[in-house]
Participant: 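First, the structure itself, so that you have it in front of you.
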Amino acid sequence: MAVTNYALYTGCIIPLRYPDIENSIRETMPLLGANVYDMVGAGCCPPGGAFWSVDEISGLIQSARNISIAEFMEKDLVAVCNGCFCYLKNTNMMLKSDKEKREKVNTILNNVGRKYQGTISVYHLVEILHDHIGIEKIKNSIKLNLDGVKAAVHYGCHLLRPSDHLMAENPEKPHKLDALVEALGLESVYYPKKLSCCGAGGGMRGNNPEVTLKILEKKLMNIKYSEPDCIVTACPFCFLQFDLGQKGLREKGEDFCIPVFYYNQLLGLSMGLPKNRIAVLSETPRDGFIKKYYGVE
Amino acid sequence: MAKSQIEKKELKNSSKIGVYVCHCGTNIAGSVDIKEIVNFSKNLQNVKIVREHMYLCSEQGQNIIKDDIAKEGIDRIVAACCSPRTHEEIFRKTLNSTNLNKYLYEQVNIRDQCSWPHFKDKENSTKKAKQLVKSGIYRASELEPLEDRKLSVLKSALVIGGGISGINAALDLARGGYKVYIVEKNPSIGGKMAQLDKTFPTNDCSACILAPMMVEVSNTPNIELLTYSEIEDVLGHIGKYRVTVRKKQTFVDWKKCNGCGECSIVCPVKVDNEFNCNMDKRKAIYTQFEQAIPMRAVVDKDKCVKCKLCVKKCQLGAIDLTENEDEFLEFEVGSIIVTTGYDLFDPNIKPEYDYEHPNVITSLELERMMCASGPTKGEILRPSDGRKPQTLSFVQCVGSRDEKTNDYCSRICCTYSIKHARLLKEKYPDMDIYMHYIDLRCFGKGYEEYYRMAREKGIKFIRGRISQVDSIADRLEVSGDDDTLGEQISVIADLVVLAVAMESSKDAKKLANILNISTDKTGFFKEIHPKLKPVGTDSDGIFIAGACQGPKEIPDAISQGKAAASAAASLMSKGEIEIEPLFAQIMEDYCAKCRTCESLCTYKAIKYNEDNKMEVDIALCKGCGVCGASCPSGAIKSNHFTSKQIRMQIMALTEAII
Amino acid sequence: MKIILNNNNKELVNKVMEYGGKRVYECFQCGMCASGCPVASDTEHKIKRTMHQVTLGLEEQIMDKKAIWLCTTCFMCLERCPQNAEPTEVVFALRRVSAENGIIPEAQIEVANNIYHLGHAVTVEKGIKLRNKVNAPLLKTAGSDKKYIDEIQKLIDSTHSYSLLRIEKDWKPKRDDVIGCD
């Protein structure tokens, strides 16, 4: 099997709030011929709500610093979070083409002994799985087919948009994550406004907890339209929004309890990897789902 | 025998009628029961074949008719389908290609008369269709073969109005070898376009693109330019019109005058200058503008004080202030193109916009100000104090899209206001420009991009009609609404520009009467069909083009001018045309020469001739039938609408449908 | 309330363009941005209106309700804008103007201070506990070592964001909740 190596950019939420997702990525990817290596010292991407929202250059330098770590490793960077992917790829695109900004960034980076060179590419994990590894390989890697199980796929905004820069998917008719989910045997169901926001990003979850839940509730109402057995996403912030958000809504008396999975968690379970390392942490219960369909406690 | 039985017997003759019912997709079949029409028609007198077809006008449909004529011996065709206005010609041509005379065809319009107006009531719509089809069949049995008549056509044209549309029509015809007369009421040709500084969407200088065409007009030998002239009368018909033109007295011998302008310099009488929207003065003897064609002086008869300073000054001896009668010219032409342009809406009709205030101006006034040869030599200055305005508001749709004035959209105001705003912003980048609009209708090629560039220049577009303009100290408060903000807004402006509507020319009605053509409810000349015959009128040899037909911008006005030239040329090129024989015929033996018909004929087509006989001028006759209906001795037969044919129809229509 | 359009801030639009909202003038108020906005119906963030307010220079009205901070930056408006007016970039630019004026939500200050002091947007201590619970490998990101945090601090120190985001020298994370990450 051809092996490809990637620099794994984990961001903040996966390593520090959902390390089981991190395990699921670390354990599934090598089985598909994609080795992932730690980006030692990588910091926050940083987020759009804070740094990018006050000063473009301070966003750029922190992103450039992260990219420079992967450049030093001479490996393409794989982001496992939509937000990280969006801002890192955006930075990479911008600095590759804009000499003036590149020089400005490098002047500052030089103070900490780093340099942005523009030598690597930034990918989203979905692109690696779909474009580099391929559906067939994934189909062949699984031990259990979840035929007949309905999944509501949520792409999340920053995997798709702005498509001019990200170029990961058709922004109005994405298909890669659906194809990946269907490779595991699940049916990716239609639901209205599939491409709309979960309501977490841009600082909204922090700035306005009330509104963030309202937007999520609308999203969930649309998802419920198709009565899926689970929600699948490839973004930890969307995952967190669905996971904690449903809990928040339940606390307000609403009936939302759809199991949520990060894609590689489902992939790992289908490959027969142990649940207790890859799908443990969630506020919205999903043990029932795992027991029912994977037969593991 | 009862009367109806006599008529029934009369109905039966030897004709073999083929009836063809068209579905026209669902246009007809959607609300007329085609099967019922077919079954009903089968049982009517003289009907030999009844067929239905999805699209009868298709080649396949027409071939079925041809086959039936050849194989079944059908000798009358009745098509129950759409409008003869658009489709009669197709069927007649099909008949022409067989040995059947094309006038043995009857078309029953069960679409416009039945399925469309009664689309919610299929039962009654079908009932009405049956009645109409029956009337068509009865009439068809009495149709007679007729032959088209040929009419000779003069290879010369009259163009009325020397604006951009007329200039293009005239040049195209002249280039094609036709003799062209241009009649223009002003001293110079050029029209409204001559008053413009720049033109959208390219911002090219109006004079730069207009002047070469005007010069070509004056240099083309087969164009005869009659400026400062008006149409007095037009007689005759398609192919041969007799035109009388009144040449207003200029008091200047144009053969001697070289347009040097010395006369104007010495003239002591100052008069409001219409060309500059009365914002400055001209003299009582003047040339209309700097690039005038012809560049000749005229004397304003009403304003001249006869001091004769000009007469003394003119070294060429061209001026003679003796008042004479206007001169009348007569000539004949084969066709006429009307390009008399438009007038602007008078903003005084909307007092809420305070046009009386010196700093509230119209777009054309602004245009003149922007022009280097205008009253302010291209500088934008407040008329009240000559200071440069800092804040400008453009008020759109003044006199347009308004049931109280004109309910139509003037089409060009959005884009010309954008042009003004852009040119101003380019010249004065710190000027604050607001445009208050209802919808921005920048519909033409390149116009959307033109609008985009206006936004990029920082012109502020505010959706919401302006309620009123009030004078506050030395400025103007423009009160409106901002749709996006959802709030009342106001702009304190130094200059307010009213985008006034295009209206039909004040003389349009008079000319329409002379030419016997129609105007629509807005006063613009009416085209015969908005899509199929956009430059045709209901007088066959007379065409309309440019803004006299409706509001339009320069490219469309030129296109129409060229379209009208093409229509006129194709009419004149062979030197003769075929006309339908649908005219009145006098049956000499029955005529008592009472001349009732002559007095009733709207088209002056019947005359008592030198041989003491009533004579029909077949070119003038429209076949309306007034003469025939009024003739006390039944001596007039209207071809294709004979008494018998009509009686049959009436019979069919008054009989109950079984 | 009636708005007199002359009394506006003519410099706002230039500033917004300089700060990244380069194409704000392209907007022709079609409403595509607002019609697909996930927050429009629940908040005062009306992006079509904001675009218009920028061109009119109505800075007070924009800043008054702090609505620009309610954008989730989902980029739907930017993706679909038929004039490529990039409304999301205009929001970012307005946030930058707002931050200059000292108006910035507390939550963002919290996130920024977390990043400055911990290398991450969320607290590390809780993270390590969770990692142990699921047998995750040793943390190697910025939060694992003071030397990386020093590096990030040095970078932030050299930008305006240090003062704009009110970075505090002594900072104790206020909560373990995830406040923001993208």
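As the structure is a prediction and not an experimental result, all values here were calculated from the model. Order of the sequence lines sets the chain letters (A, B, ...), proteins ahead of strands, with each chain counted from 1.
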Participant: How about A:M167: does its CE atom have over 12 heavy atoms from other parts shown lying under 6.0 Å from it?
Facilitator: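 Yes, enclosed.
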
Participant: Where does A:E22 contact chain C at under 4.5 Å (heavy atoms): side chain, backbone, both or neither?
Facilitator: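 Interface part for A:E22: side chain.
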
Participant: Heavy atoms only: give me the nearest A:V54-C:S161 pair and the separation to one decimal.
Facilitator: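 Result for this residue pair: CG2-CB, 3.9 Å.
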
Participant: By a 4.5 Å heavy-atom criterion (distance strictly below it), what part of A:R17 contacts chain C: side chain, backbone, both, or neither?
Facilitator: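 Contact with chain C is through both the backbone and side chain of A:R17.
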
Participant: For chain A, find its close neighbours in residues 117-142 of chain C: heavy-atom separation under 4.5 Å, sorted by number, or none.
Facilitator: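 The residues closer than 4.5 Å to chain A, in numerical order, are C:G119, C:H120, C:A121, C:V122, C:T123, C:V124, C:K126, C:G127, C:L130, C:R131, C:K133, C:V134, C:N135, C:A136, C:P137, C:L139, C:K140, C:T141, C:A142.
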
Participant: Quick check on C:L70 against chain A: is it the side chain, the backbone, both or neither that has a heavy atom closer than 4.5 Å?
Facilitator: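 Both the backbone and the side chain of C:L70 come within 4.5 Å of chain A.
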
Participant: Donor-acceptor pair, distance only, cut-off 3.5 Å: does the side chain of A:N111 make one with the backbone of C:L155?
Facilitator: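 Pair absent, no side-chain N/O of A:N111 close to backbone of C:L155.
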
Participant: Which residues in residues 43-58 of chain C have any heavy atom closer than 4.5 Å to a heavy atom of chain A?
Facilitator: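 So the qualifying residues are C:T43.
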
Participant: Relative to chain A, which of C:N114, C:V178, C:L78 shows the most heavy atom pairs under 4.5 Å?
Facilitator: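 Result: the option with the highest number of such pairs is C:V178.
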
Participant: Under the criterion side chain to side chain contact (heavy atoms under 4.5 Å, CB included), I'd like the reasoning laid out for C:R96 against A:S53: C-alpha separation, chi angles, the key distance, then a yes or no.
Facilitator: CA-CA 6 Å; C:R96 288 162 192 161; A:S53 285; 6.0 Å; no

Participant: Can you tell which part of A:N23 gets under 4.5 Å to a heavy atom of chain C, answering side chain, backbone, both or neither?
Facilitator: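 For A:N23, the side chain is the part near chain C, not the backbone.
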
Participant: Can you tell me if NZ on C:K147 sees more than 12 non-hydrogen neighbours from other groups inside 6.0 Å?
Facilitator: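 No - once you tally the heavy atoms of other residues, nucleotides and ligands closer than 6.0 Å, there are 12 at most.
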
Participant: So which residues of residues 101-112 of chain C are in contact with chain A at a heavy-atom cut-off of under 4.5 Å?
Facilitator: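 Listed by number, the contacting residues are C:I104, C:P105, C:A107, C:Q108, C:V111, C:A112.
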
Participant: May I ask you to decide if A:S163's main-chain N or O and C:E79's side chain share a donor-acceptor pair within less than 3.5 Å?
Facilitator: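 It does hold such a pair.
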
Participant: Pick one of side chain, backbone, both or neither for A:N208, based on which atoms fall under 4.5 Å of a heavy atom in chain C.
Facilitator: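 Contact with chain C is through the side chain of A:N208 alone.
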
Participant: By a 4.5 Å heavy-atom criterion (distance strictly below it), what part of A:C86 contacts chain C: side chain, backbone, both, or neither?
Facilitator: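 For A:C86, the side chain is the part near chain C, not the backbone.
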
Participant: Please state whether the side chain, the backbone, both or neither of C:D150 comes within less than 4.5 Å of a heavy atom of chain A.
Facilitator: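 For C:D150, no heavy atom lies under 4.5 Å from chain A.
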
Participant: Would you find a donor on one side and an acceptor on the other, under 3.5 Å apart, between the side chain of A:R65 and the backbone of C:I152?
Facilitator: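 Between the backbone of C:I152 and the side chain of A:R65 there is no qualifying donor-acceptor contact (under 3.5 Å).
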
Participant: What part of A:I108 is in contact with chain C, defined as an atom under 4.5 angstrom from a non-hydrogen atom: side chain, backbone, both or neither?
Facilitator: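 Interface part for A:I108: both.
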
Participant: For side chain to side chain contact (heavy atoms under 4.5 Å, CB included), just list the numbers for A:C157 and C:F75, CA-CA rounded to whole Å, side-chain angles, deciding distance to a tenth of an Å, and then say yes or no.
Facilitator: CA-CA 7 Å; A:C157 306; C:F75 290 106; 5.8 Å; no

Participant: Which members of residues 211-218 of chain A, sorted by number, sit under 4.5 angstrom from chain C on a heavy-atom basis?
Facilitator: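 So far as heavy atoms go, A:V211, A:K214, A:I215, A:K218 are the residues that approach chain C to under 4.5 Å.
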
Participant: Any idea which heavy atoms bring A:G201 and C:T73 closest together, and the distance?
Facilitator: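 Shortest heavy-atom contact: C-OG1, 4.4 Å.
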
Participant: Take a 6.0 Å sphere around CD of A:E254 and say whether it holds more than 12 heavy atoms from other residues, nucleotides or ligands.
Facilitator: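 Yes, the 6.0 Å shell around CD holds more than 12 heavy atoms from other groups.
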
